[in-house]
Peer 1: 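Take a look at the following structure, please.
Note that ligands are numbered from 1 as they come in the structure, with each ligand's atoms numbered from 1 the same way.
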Amino acid sequence: MEKLKERIRKEGIVQSNDVLKLDAILNHQVDPELIMEMGSEFARRFHGERITKVVTIESSGIPIAFATAAVLKVPMVFARRKRTLTTDEDCYCERVPSFTKGIVTDIMVSRALLSPNDRVLLIDDIIANGDAARGIVRIIEQSGAEIVGFGVVVEKAFQQGAETIRAMGIRLDALVTILRLEPGNIVMAD
Ligand code: G4P
């Protein structure tokens, strides 16, 4: 997706040699047209997989997962990070450390929303160390549903997350691969 690369080049801010601020396009503001294009691209790449649900983790994965689910015409489920008044007690729960926040959080999905008959496409915004990603994979595995693939907008290839997911035998596709971050320069794969 050349257009996405261009937006990352223009609007991404290198915060350090391992953190890229993408608030303008992924983590704080979204451009609905660009998000819909990402959704169409994931739907195209995973076409034919008989996907029944798109699953993500709140918060930044939600718009992209929604767009993908809208194109595939299937429901979208997002794992919650906080219990609410109506949180189902009967849920799958995994504890994951958060790379940017430096804390440990729980991610939860109600057992009522996943079944062994589901064929799940996982979607997320950025994969870094993959702690959140492995947490959501464990939740899907607990449910007995099948993971047909994992779509991420940005793979930071200098961190291990994407490779650990691929090593589990899961197809992980990234729209943009970042090879390294230098002061004022985002080096992306072709
Ligand atoms: P992950 O690779 O499975 O996402 O897990 P990891 O523990 O490595 O990363 C946890 C959080 O840090 C995720 O957000 C992820 O998107 C974010 N993150 C990692 N590297 C970067 C980066 O270079 N830039 C930005 N902007 N974010 C990064 P999260 O905690 O789930 O937050 P959110 O979804 O509420 O935004």
Peer 1: Heavy-atom distances under 4.0 Å decide this one: backbone, side chain, both or neither, for N27 against ligand 1?
Peer 2: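 The answer is the side chain.
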Peer 1: Are L121 and I127 linked, directly or through intermediate hydrophobic residues, by side-chain heavy-atom contacts shorter than 4.5 Å (ILVMFWY only)?
Peer 2: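 They do not share one cluster, since no chain of ILVMFWY contacts under 4.5 Å joins I127 to L121.
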Peer 1: Any side-chain heavy-atom pair from N129 and Q160 closer than 4.5 angstrom?
Peer 2: no
Peer 1: Is it true that I136 and V54 fall in one hydrophobic cluster, defined by side-chain heavy atoms closer than 4.5 Å?
Peer 2: no
Peer 1: Pick one: which of I62, I64, T68 meets side chain to side chain contact (heavy atoms under 4.5 Å, CB included) with M76?
Peer 2: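 Single side chain to side chain contact (heavy atoms under 4.5 Å, CB included) partner of M76 among I62, I64, T68: I62.
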Peer 1: Evaluate the salt bridge (Lys or Arg N to Asp or Glu O under 4.0 Å) criterion for residues E37 and R44: first the C-alpha distance (whole Å), next the side-chain angles of each, then the deciding distance (0.1 Å), finally the verdict.
Peer 2: CA-CA 10 Å; E37 284 178 34; R44 189 188 66 75; over 6 Å; no
Peer 1: Within the 4.5 Å heavy-atom criterion, are V153 and M38 side-chain neighbours or not?
Peer 2: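 V153 vs M38: side chains touch.
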Peer 1: If you count the atoms of ligand 1 from 1 in the order shown, which ones are under 4.0 Å from a heavy atom of I127?
Peer 2: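 Reading through ligand 1 atom by atom, the close ones are 2 (O).
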Peer 1: Please could you name the atoms of ligand 1 that D18 approaches to less than 4.0 Å, counting only its heavy atoms?
Peer 2: 23 (O)
Peer 1: Is there a polar contact between ligand 1 and D124, counting only N or O atoms under 3.5 Å apart?
Peer 2: no
Peer 1: Within less than 4.0 angstrom of ligand 1, does I57 place any heavy atom?
Peer 2: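 It does not, in that no heavy atom of I57 comes within the 4.0 Å cut-off of ligand 1.
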Peer 1: Give a yes or no answer on whether the side chain of K5 reaches the backbone of A189 with a donor-acceptor pair at less than 3.5 Å.
Peer 2: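 A pair under 3.5 Å: yes.
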Peer 1: Tell me which one of A162, S16, S59, G130 gets a heavy atom nearest to atom 1 (P) of ligand 1.
Peer 2: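 Checking each option, the heavy atom nearest atom 1 (P) of ligand 1 is found in G130.
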Peer 1: For I140 and L122, run side chain to side chain contact (heavy atoms under 4.5 Å, CB included): C-alpha distance rounded to whole Å, both residues' side-chain angles, the deciding distance at 0.1 Å, then the answer.
Peer 2: CA-CA 9 Å; I140 307 301; L122 291 166; 4.0 Å; yes
Peer 1: Tell me whether K21 has any N or O atom under 3.5 angstrom from an N or O of ligand 1.
Peer 2: no
Peer 1: If you measure from each non-hydrogen atom of R134 to ligand 1, which part falls under 4.0 Å: side chain, backbone, both or neither?
Peer 2: neither
Peer 1: Suppose I only count heavy atoms of D125 and a 4.0 Å limit; which atoms of ligand 1 are within that range?
Peer 2: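 Result: 16 (O).
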Peer 1: Applying a heavy-atom cut-off of 4.0 Å, say which part of Q159 lies close to ligand 1: side chain, backbone, both or neither.
Peer 2: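 Looking at Q159 and ligand 1, no heavy atom falls under 4.0 Å.
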Peer 1: Any side-chain donor paired with an acceptor under 3.5 Å for R119 and T52?
Peer 2: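 Judged by distance alone, the side chains do not pair up.
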Peer 1: Examine G61 against ligand 1 and note whether any of their N/O atoms are separated by less than 3.5 Å.
Peer 2: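 No, G61 has no N/O under 3.5 Å of an N/O on ligand 1.
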Peer 1: Considering only heavy atoms of L20, which atoms of ligand 1 have at least one such atom less than 4.0 Å away?
Peer 2: 22 (C), 23 (O), 24 (N), 25 (C), 26 (N)
Peer 1: Which of the atoms of ligand 1 are close to A133, meaning less than 4.0 Å from one of its heavy atoms?
Peer 2: 3 (O)
Peer 1: Who's closest to atom 2 (O) of ligand 1 heavy-atom-wise, of P97, G12, A128?
Peer 2: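 Going through P97, G12, A128 one by one, A128 has the nearest heavy atom to atom 2 (O) of ligand 1.
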